[in-house]
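Sequence positions, counted from 1, serve as the residue numbers for this chain.
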Amino acid sequence: MPEAIDALMRDLSDNDRTVRRAAEDGLVALGAQSVDRLLPYVRDTQRGSPRFSAESVLKRLGDQALPRLREIRRHGPGRLRGKALETLVDLGGAQVLDDADRRAVERLVRIKLLDRLPVDLPSEAGRWLAFPADRLDDAVAALGLHDLRPVTPVLGVEATTRADDAMDFQDSQGERQRAYRVFITPEFKSWWFRDMPIKNWRMVWGNSFVDECDGFTLADTLSERCGEAHFYVIDPYHSGSVWYVARDGRRVRSYGTYDYPEFRGKPLPFEISYIEDAEQGIEDEKYAKGVPEADVAADNLSVQPGPMSADDAHGHGWLATTHPDLPNSHFKGALPI
């Protein structure tokens with residue numbers, strides 16, 4: 001049998017796609033016997049590595065691989081323990097970890113939260129909400145969030161913008177439901193206007209949540225409970241920009257590249273200087289009716305994503321889900337801490 005596994009592993013690197021697929025099928029047919037040979041290639045970045053084929057086989061093995069992965073976690077070999085942990089979470093989420101591993105991961109997160117490190121949130125593209133930092137409890141209630149877990153920004157952003165952040169499932173009543181992961185950032189200081197009534201803000205990230213539940217509606221809902229909330233979109237693929245300010249449940253000002261009209265509501269105070277400068281030819285004419293860039297609006301109104309110093313961030317972020325029957329531990333995929 002070891003010889004057969006060796007031959008199939010060699011075929012995973014074959015140039016012929018048909019040979020690679022046949023090797024994957026063969027390794028799946030062998031079941032958990034192939035786990036030890038596949039693990040070294042999980043997230044392997046070496047050139048020529050059969051990483052994706054190896055990860056595909058492990059994914060297809062699914063629950064069959066879990067007992068052997070747990071055994072490696074407890075008894076080794078040591079060189080495979082880290083890859084076994086990642087693969088366990090990839091295949092089944094944190095819910096398939098034993099108590100010792102679960103406690104170890106939670107302890108590592110707590111240790112990382114103590115580090116005062118710079119924060120880097122996506123700034124080239126993305127969509128996010130913002131609300132006053134001191135209204136966290138109201139925001140959680142307004143968005144219907146559950147299972148809040150303290151997390152680092154790295155973990156929160158990965159979980160809600162790159163990893164699978166939505167899941168269909170059957171609830172406790174037997175009904176089909178869809179739940180989302182949502183990341184609420186630490187507090188960030190708004191520095192542009194010293195006389196702004198709201199000094200600190202938190203952001204909400206969750207691509208599927210914002211897309212499928214409508215960011216504009218979410219901003220209105222947040223503002224009903226928090227007094228004010230914003231929705232921003234930076235879309236370089238479509239050369240688009242959106243920003244939306246809601247207060248007490250209603251829009252007061254918005255801009256959308258493809259909206260008609262582009263601007264709605266009266267210009268906000270921060271826009272006045274741009275409009276006046278455009279009239280005098282100091283600024284580009286695109287500012288004649290207001291500010292069209294979401295990042296500039298965010299920088300003036302709340303906080304702009306991107307690199308931030310440790311001094312500008314206060315507290316920690318929270319990772320949550322939108323349904324009480326689907327906690328974070330059910331979402332699959334290993335995440336950086």
Side-chain angles (χ1 to χ4, degrees), residues 119 121-123 126-153 156-157 159-161 165 180-234 241-256 264-265 268-270 291 294-306 308 312-322:
V119 175
L121 298 173
S123 58
R127 50 274 197 205
W128 71 96
L129 298 154
F131 66 90
D134 62 353
R135 305 301 293 270
L136 176 61
D137 290 344
D138 288 317
V140 169
L143 298 177
L145 303 183
H146 304 271
D147 190 35
L148 271 71
R149 301 296 180 101
V151 295
T152 62
V157 169
T160 55
T161 67
D165 64 337
Y180 307 92
R181 262 182 168 171
V182 176
F183 173 53
I184 298 178
T185 69
E187 295 184 23
F188 296 111
K189 188 188 312 179
S190 181
W191 58 271
W192 189 260
F193 282 125
R194 300 304 177 189
D195 59 348
M196 287 180 66
I198 302 171
K199 301 297 184 182
N200 289 359
W201 293 79
R202 290 182 184 265
M203 288 178 272
V204 179
W205 293 82
N207 285 356
S208 295
F209 178 60
V210 169
D211 291 346
E212 297 177 22
C213 298
D214 184 62
F216 303 101
T217 300
L218 292 171
D220 287 343
T221 301
L222 268 175
S223 72
E224 286 180 336
R225 294 290 294 264
C226 302
E228 181 169 335
H230 310 158
F231 174 47
Y232 302 98
V233 180
I234 298 176
S241 181
V242 171
W243 60 272
Y244 179 95
V245 176
R247 292 174 183 154
D248 300 321
R250 294 189 175 190
R251 171 178 52 198
V252 296
R253 178 68 165 166
S254 69
Y255 169 83
R264 297 183 184 182
L268 297 177
F270 84 92
V291 171
D295 56 344
V296 175
D299 198 25
N300 282 273
L301 290 168
S302 52
V303 62
Q304 179 184 0
M308 302 180 191
D312 289 330
H314 305 280
H316 58 74
W318 298 92
L319 187 64
T321 74
T322 59

Under 4.5 Å between any side-chain heavy atoms of His316 and Val151, yes or no? no
Within a strict 4.5 Å, meaning less than it, do heavy atoms of the Phe209 and Asp165 side chains meet? no
Distance from Tyr255 atom OH to Arg264 atom CZ, nearest 0.5 Å? 12.5 Å
Pairs where residues 241-250 contributes a residue and the test salt bridge (charged side-chain N to carboxylate O under 4.0 Å, His left out) is met, not counting sequence neighbours: Glu228-Arg247
Sidechain-backbone polar pair: Asp299 side chain, Asp295 backbone, donor-acceptor under 3.5 Å: no
Just verifying a value: how many Å separate His230 NE2 and Leu129 CG, rounded to the nearest 0.5 Å? 10.5 Å
Between Val157 and Pro122, is any pair of side-chain heavy atoms under 4.5 Å apart? yes
Nearest heavy-atom pair of Phe183 and Gly317: which atoms, and what distance? CE1-CA, 3.8 Å
Specify the closest pair of heavy atoms between Ala294 and Ser241, including all atoms of both residues, with the distance to one decimal. N-OG, 2.7 Å
Do the non-hydrogen side-chain atoms of Phe188 and Leu121 ever get within less than 4.5 Å of each other? yes
Atom pairs and distances, side-chain donor-acceptor, residues 219-227, under 3.5 Å, sequence neighbours left out:
from   : atom 1 : to     : atom 2 : distance (Å)
Asp220 : OD1    : Tyr244 : OH     : 2.8
Asp220 : OD2    : Tyr244 : OH     : 3.2
Thr221 : OG1    : Thr217 : O      : 2.9
Ser223 : OG     : Ala219 : O      : 3.4
Ser223 : OG     : Asp220 : O      : 2.8
Ser223 : OG     : Gly249 : N      : 2.7

Go through the structure and list residues passing side-chain hydrogen bond (donor to acceptor under 3.5 Å, both in side chains) with Glu187, not counting sequence neighbours. Asn200
Any heavy-atom pair between the side chains of Arg202 and Arg135 that's under 4.5 Å? no
Under the ring-ring contact (aromatic ring centres under 6.0 Å, His included) test, residues paired with Trp128 that sit two or more places apart: Trp205, Tyr232
Could you pull out the closest heavy-atom pair between Gly306 and Ser123, with the gap in Å? CA-CB, 3.8 Å
Residues at least two apart in sequence or cross-chain that pass side-chain contact (heavy atoms from CB on, under 4.5 Å) with Val140, listed by chain then number, are Leu136, Leu145, Leu148, Ile184
Just jot down the salt bridge (charged side-chain N to carboxylate O under 4.0 Å, His left out) partners of Arg181, sequence neighbours excluded, or say none. none
Starting at CZ of Arg127, measure out to CG of Leu218 and round the result to the nearest 0.5 Å. 12.5 Å
Who passes side-chain hydrogen bond (donor to acceptor under 3.5 Å, both in side chains) against Thr161, sequence neighbours left out? none
Stepwise, does the side chain to side chain contact (heavy atoms under 4.5 Å, CB included) test hold for Phe270 with Leu301? CA-CA 8 Å; Phe270 84 92; Leu301 290 168; 3.7 Å; yes
Salt bridge (charged side-chain N to carboxylate O under 4.0 Å, His left out) involving Asp147 - partner list, sequence neighbours excluded: Arg149
Side chains of Trp243 and Ser254: closer than 4.5 Å at any heavy-atom pair? no
Residues forming a ring-ring contact (aromatic ring centres under 6.0 Å, His included) with His146, sequence neighbours excluded: none
Side chain to side chain, Phe216 and Val242, heavy atoms closer than 4.5 Å: yes
Under the side chain to side chain contact (heavy atoms under 4.5 Å, CB included) rule, what do Thr160 and Val204 come out as? Steps first, then yes or no, please. CA-CA 10 Å; Thr160 55; Val204 179; over 6 Å; no
